[in-house]
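All values below were derived from every heavy atom in this structure, side-chain atoms included, with hydrogens, water molecules and symmetry-related copies excluded.
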Amino acid sequence: MRKLARSVGVTAPALYRHFLGKEQVLLEVVGEGYRTLIQYLHPALGGRTPEERFSLAGAGYMNFALEHPRYYEILYSYTEFLGLEELPEGIRKLVAGIDQFWLDRVRECMDAGILKPDDPELVGRTFWAVSHGLVSIYHRKMLRLSEEEFREAFAAAMRQLMTGVGVEEAPSAA
């Protein structure tokens, strides 16, 4: 807390007047990260078609992840750092809103015939898992790609996911 206080130009006691401890500071940062992500996703609602909204939402996610890598990383690690069994109510509401946003995009694409009918939650989690995995390994410098090359590779992976990677009669991997 002293280091944080110095970095923002206040004394540690002044910081404690606003926050009970470092956990509360971290949760405030997490909340701000989610609110920033929402700002990146929201413009997708202006898309004219389900496909355009889906695409704009993906672009918003990518832009957030690349323009705010520290926020991005903390959104996927704060529960581990704080040892949280459950999310505080305010954070839970932000997460639920983002989940609903993605579920709505997937459902409307299924309704429009852009995605085949399936469990929207499963399909949404699949897109999220692939997106998060790619962004995470890029952030960790495990892909030797420039940002522009990564954006192209990410778009190619999403196109591949949209069209599928298996053959019609593929054997079960389970």
Side-chain angles (χ1 to χ4, degrees), residues 24-82 84 86-165:
Q24 189 181 17
V25 172
L26 182 56
L27 286 173
E28 188 61 36
V29 170
V30 169
E32 186 59 30
Y34 280 121
R35 287 185 288 276
T36 301
L37 172 56
I38 290 166
Q39 289 173 355
Y40 276 76
L41 297 176
H42 186 14
L45 297 177
R48 293 171 287 132
T49 65
E51 186 173 19
E52 187 177 356
R53 286 187 290 277
F54 190 80
S55 179
L56 288 170
Y61 179 85
M62 171 62 65
N63 290 334
F64 168 79
L66 296 180
E67 292 172 20
H68 300 282
R70 288 188 174 156
Y71 271 155
Y72 185 87
E73 290 301 318
I74 202 162
L75 294 184
Y76 293 102
S77 60
Y78 68 93
T79 54
E80 175 187 333
F81 289 130
L82 293 176
L84 296 176
E86 90 176 28
L87 299 176
E89 181 64 23
I91 301 292
R92 194 171 37 245
K93 285 181 179 181
L94 291 169
V95 171
I98 292 169
D99 284 347
Q100 189 62 54
F101 172 88
W102 285 113
L103 188 58
D104 291 346
R105 301 296 67 75
V106 170
R107 276 193 182 122
E108 70 180 1
C109 282
M110 286 180 180
D111 291 346
I114 297 161
L115 294 172
K116 69 180 180 179
D118 204 332
D119 176 358
E121 290 183 17
L122 174 62
V123 172
R125 280 194 303 268
T126 302
F127 273 97
W128 179 31
V130 171
S131 299
H132 176 64
L134 287 169
V135 169
S136 293
I137 61 176
Y138 176 75
H139 277 172
R140 287 169 178 76
K141 312 284 188 228
M142 297 171 84
L143 299 175
R144 296 175 188 234
L145 301 173
S146 68
E147 182 176 316
E148 183 178 328
E149 291 169 326
F150 175 69
R151 285 176 180 276
E152 291 170 9
F154 185 92
M158 292 302 108
R159 284 190 302 275
Q160 187 69 51
L161 191 55
M162 290 288 284
T163 58
V165 294

A.B. asks: Between Glu73 and Arg70, does a salt bridge (charged side-chain N to carboxylate O under 4.0 Å, His left out) hold up when you go through it step by step?
C.D. replies: CA-CA 5 Å; Glu73 290 301 318; Arg70 288 188 174 156; over 6 Å; no
A.B. asks: Is the shortest side-chain heavy-atom distance between Val30 and Leu94 below 4.5 Å?
C.D. replies: no
A.B. asks: Between His139 and Ala65, which heavy-atom pair has the shortest distance, and what is it?
C.D. replies: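 Between these two residues, the closest heavy atoms are NE2-O, 2.9 Å.
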A.B. asks: Dump the intermediate steps for side-chain contact (heavy atoms from CB on, under 4.5 Å) on Leu41 and Trp102, then the final yes or no.
C.D. replies: CA-CA 9 Å; Leu41 297 176; Trp102 285 113; 3.6 Å; yes
A.B. asks: Of all residues at least two apart in sequence or in a different chain, which pass the side-chain contact (heavy atoms from CB on, under 4.5 Å) check with Gln100?
C.D. replies: Leu103, Asp104, Arg107
A.B. asks: For a quick test of reading the model, state the closest non-hydrogen atom pair linking Glu149 to Ser146 and the distance between them.
C.D. replies: OE1-N, 2.7 Å
A.B. asks: With rounding to the nearest 0.5 Å, note down the distance linking CD in Glu121 to CH2 in Trp128.
C.D. replies: 11.5 Å
A.B. asks: Quick one: OG on Ser136 to CE on Met142, what's the gap to the nearest 0.5 Å?
C.D. replies: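 Answer for the OG-CE pair, Ser136 versus Met142, is 10.0 Å.
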A.B. asks: Any side-chain heavy-atom pair from Ile38 and Phe64 closer than 4.5 angstrom?
C.D. replies: no
A.B. asks: Under 4.0 Å between a Lys/Arg side-chain N and an Asp/Glu carboxylate O for Glu89 and Arg92?
C.D. replies: yes
A.B. asks: Once rounded to the nearest 0.5 Å, what's the spacing between atom CG of Leu75 and atom CD1 of Ile98?
C.D. replies: 7.5 Å
A.B. asks: Could you check whether any side-chain heavy atom of Leu45 comes within less than 4.5 Å of a side-chain heavy atom of Phe101, counting everything from C-beta outward?
C.D. replies: yes
A.B. asks: Is there side-chain contact between Tyr138 and Glu147, with at least one heavy-atom pair below 4.5 Å?
C.D. replies: yes
A.B. asks: For Leu37, does its backbone N or O pair with a side-chain atom of His68 as donor and acceptor, under 3.5 Å?
C.D. replies: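 No, His68 side chain to Leu37 backbone: no donor-acceptor pair under 3.5 Å.
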A.B. asks: Would a 4.5 Å heavy-atom cut-off, applied to side chains only, mark Pro50 and Met110 as touching?
C.D. replies: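 No; the side chains remain at least 4.5 Å from each other.
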A.B. asks: Just how far is it from atom CD of Glu86 to atom CD1 of Ile91, taken to the nearest 0.5 Å?
C.D. replies: 12.5 Å
A.B. asks: Are there over 12 heavy-atom neighbours, none belonging to Glu51, within less than 6.0 Å of that residue's CD?
C.D. replies: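 Atom CD in Glu51 is not crowded, with 12 or fewer foreign heavy atoms closer than 6.0 Å.
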A.B. asks: Under the side-chain contact (heavy atoms from CB on, under 4.5 Å) criterion, do Phe150 and Ile137 qualify, and how do the steps go?
C.D. replies: CA-CA 11 Å; Phe150 175 69; Ile137 61 176; 6.0 Å; no
A.B. asks: Listing request: all side-chain hydrogen bond (donor to acceptor under 3.5 Å, both in side chains) pairs with a residue in residues 53-62, at least two apart in sequence or in separate chains.
C.D. replies: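 The answer is Arg53-Glu108, Tyr61-Tyr72, Tyr61-Tyr76.
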A.B. asks: Strictly below 4.0 Å, N to O, side chains only: are Glu148 and Arg151 in salt-bridge contact?
C.D. replies: no
A.B. asks: Are Phe127 and Met162 close enough that some pair of their side-chain heavy atoms sits under 4.5 Å apart?
C.D. replies: yes
A.B. asks: Taking the side chain as every heavy atom from C-beta outward, state whether Leu27 and Pro88 have any pair of such atoms under 4.5 Å apart.
C.D. replies: yes
A.B. asks: Could you walk me through whether Ser131 and Met62 pass the side-chain contact (heavy atoms from CB on, under 4.5 Å) check?
C.D. replies: CA-CA 8 Å; Ser131 299; Met62 171 62 65; over 6 Å; no
A.B. asks: Between Ile114 and Phe54, is there a side-chain heavy-atom distance shorter than 4.5 Å?
C.D. replies: no
A.B. asks: Quick check for you: to the nearest 0.5 Å, what is the distance between Leu56 atom CG and Arg105 atom CZ?
C.D. replies: 10.5 Å
A.B. asks: Between Arg159 and Glu152, is there a salt bridge with N-O shorter than 4.0 Å?
C.D. replies: no
